[in-house]
Number of protein chains: 2
Amino acid sequence: MGILRKTKNLETILDIFRQSNEALSANLLFERLHERMNRSTVYRLLERLEDDGILHSFASMDNVKFYALRQDCISSGDVHSHPHFQCTSCNQVVCLEQEVVFPTLNRMRIEEAQIFLKGQCNSCLSQ
Amino acid sequence: MGILRKTKNLETILDIFRQSNEALSANLLFERLHERMNRSTVYRLLERLEDDGILHSFASMDNVKFYALRQDCISSGDVHSHPHFQCTSCNQVVCLEQEVVFPTLNRMRIEEAQIFLKGQCNSCLSQ
DNA sequence: CAACTAATGCGACTATGTTGCAATAATAAA
DNA sequence: TTTATTATTGCAACATAGTCGCATTAGTTG
């Protein structure tokens, strides 16, 4: 797949992700667009942006799919992944920078890894 | 909350979890019961068993809530968690035994952690 | 065994996500 | 610039996961 046409909707969504380092669910994005974009379009654009490697996705602890801009990652034979963090006070979800490497275990081949953390973020702690 | 009455439905669900070390979603459980229990009852019992500390839950990468028997865990000041693993061939979800400890980071207070891994399990690899 | 009330089944509902189809708009070709 | 092509969009209907109120059923206690 990948992006074929550079549409206004696509640019609008990309701008929102570029304006902050937050991760967003389809619904949060939909709200932030003041519902001026069709719900299916939001879902379809998120999927296309992920296919194209511009966004990546992960599941929150509440079973909601979140998307964030894909950062460059280290490459090696092992599977690696950065943790995702949700603040229990302000509810913001962000990608953490520190990569975690999962060595291949002897009994199973690990192909994908996801770490999700919950707690209090820096700015909520200092209030 | 917690369990107040020991009903047939409760025993049925507990037996299914005790018969294997698999983790199950509400729907997998519902199927395994040959749909002989009401869907709401399944959800309510899973919630109650979790409140009571008998089951624990986690989100799969497909944003589905899974439940498994709670094992005894190490206790310390740090947050700890065992990873969950889903085989991409047979789709089984299991808890891994190795606990992972998350030291408290300087910038945020971590209260909960979840690790989800995907890959090929031992028995699928050796086929 | 009677009384109390937690647990259940039912149906309606919400939230999240998907799909087919006709209309629209981005791009390529003339 | 204009036209032709077809990816993208909005709409509506659908699918799946999960929740809730309420009347009935069935554990538990005395």
Side-chain angles (χ1 to χ4, degrees), chain A residues 1-17 22-68 84 86 91 93 114 116, chain B residues 1-17 22-68 84 86 91 93 114 116:
Chain A
M1 279 273 284
I3 292 162
L4 297 172
R5 290 184 187 180
K6 205 174 174 179
T7 62
K8 283 180 191 170
N9 284 338
L10 189 108
E11 286 304 310
T12 308
I13 285 185
L14 271 180
D15 281 348
I16 291 176
F17 279 105
E22 252 185 291
L24 297 167
S25 67
N27 274 319
L28 284 171
L29 197 50
F30 186 60
E31 281 172 25
R32 207 155 296 198
L33 289 160
H34 307 286
E35 317 198 350
R36 276 199 279 272
M37 195 181 300
N38 189 274
R39 197 176 278 277
S40 331
T41 305
V42 174
Y43 281 107
R44 282 190 278 229
L45 284 176
L46 287 173
E47 197 186 341
R48 275 173 51 208
L49 286 166
E50 184 176 19
D51 286 349
D52 215 63
I54 294 168
L55 298 181
H56 70 285
S57 73
F58 53 94
S60 77
M61 276 192 204
D62 312 317
N63 317 301
V64 174
K65 198 168 184 178
F66 273 77
Y67 290 86
H84 299 106
Q86 180 166 39
N91 279 318
V93 179
Q114 203 174 273
F116 199 90
Chain B
M1 280 272 282
I3 291 162
L4 297 170
R5 293 184 184 179
K6 204 174 176 179
T7 63
K8 283 180 191 171
N9 283 339
L10 190 107
E11 286 304 309
T12 308
I13 285 185
L14 270 180
D15 281 348
I16 290 176
F17 279 105
E22 252 184 292
L24 297 168
S25 66
N27 274 318
L28 285 172
L29 196 51
F30 186 60
E31 282 172 23
R32 208 156 297 196
L33 289 160
H34 306 288
E35 316 198 350
R36 277 199 278 273
M37 195 182 299
N38 190 274
R39 199 176 278 277
S40 331
T41 305
V42 174
Y43 280 107
R44 283 190 278 229
L45 284 176
L46 287 172
E47 196 185 343
R48 276 173 49 210
L49 287 166
E50 184 176 20
D51 285 350
D52 215 61
I54 295 169
L55 298 181
H56 70 286
S57 73
F58 53 93
S60 77
M61 276 190 201
D62 313 316
N63 316 302
V64 174
K65 197 169 184 177
F66 273 77
Y67 290 85
H84 299 106
Q86 179 166 40
N91 279 317
V93 179
Q114 200 175 275
F116 198 89

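- The shortest distance between the side-chain N/O atoms of A:Arg36 and the OP1/OP2 oxygens of D:dG10 is not below 4.0 Å.
- Two residues, B:Lys8 and B:Val64, neighbour DNA chain D, and the one matched to the more 5' nucleotide by heavy-atom proximity is B:Val64.
- At least one side-chain heavy atom of B:Leu55 sits under 4.5 Å from a side-chain heavy atom of B:Phe17.
- A close approach under 4.0 Å does occur between a side-chain nitrogen or oxygen of B:Arg48 and OP1 or OP2 of C:dT8.
- Atom CD in A:Glu31 sits roughly 12 Å away from atom C1' in C:dA15 (whole-Å rounding).
- Just one residue in the list A:Glu50, A:Gln114, A:Glu47 forms a side-chain hydrogen bond (donor to acceptor under 3.5 Å, both in side chains) with A:Ser57, and that residue is A:Glu50.
- Distance B:Phe30 CZ to C:dC10 C1': 12 Å, rounded to the nearest Å.
- Taking side-chain N and O atoms only, B:Ser40 has no distance below 4.0 Å to OP1 or OP2 of D:dT19.
- In this entry the distance linking CE of B:Met61 with P of C:dG17 reads 16 Å, nearest Å.
- A donor and an acceptor atom, one from each side chain of A:Asn38 and A:Ser40, are located under 3.5 Å apart.
- A:Tyr43 has no side-chain polar atom (N or O) that falls below the 4.0 Å cut-off from OP1 or OP2 of C:dT18.
- No donor-acceptor pair under 3.5 Å is formed between the side chain of B:Gln86 and the backbone N or O of B:Val93.
- Residue B:Leu14 contributes atom CG, which lies 13 Å from atom P of C:dA7 at whole-angstrom precision.
- For the OP1/OP2 pair of D:dT9 and a distance below 4.0 Å, the side-chain nitrogens and oxygens of A:Asn9 include at least one atom meeting the criterion.
- One can place CG of A:Asn63 at 15 Å from C1' of C:dT14, the figure rounded to the nearest angstrom.
- Remark on DNA chain C: of its neighbouring residues B:Thr7 and A:Glu47, the 5'-side contact belongs to B:Thr7, judged by nearest-heavy-atom nucleotide.
- Atom C1' of nucleotide C:dA22 and atom CG of A:Asn38 are separated by 14 Å, given to the nearest angstrom.
- Counting to the nearest Å, the P atom of C:dA7 and the CD1 atom of B:Ile13 are 13 Å from each other.
- In this structure, a donor-acceptor pair under 3.5 Å is absent between the side chains of B:Ser25 and B:Asn27.
- Taking atom CG of residue B:Asp62 and atom C1' of nucleotide C:dG17, one finds them 13 Å apart after rounding to whole Å.
- Closest to the side chain of A:Lys65, out of C:dG17, C:dC4, D:dG18, is C:dG17.
- Residue whose closest nucleotide on DNA chain C sits further toward the 5' end, between A:Asn27 and A:Arg44: A:Asn27.
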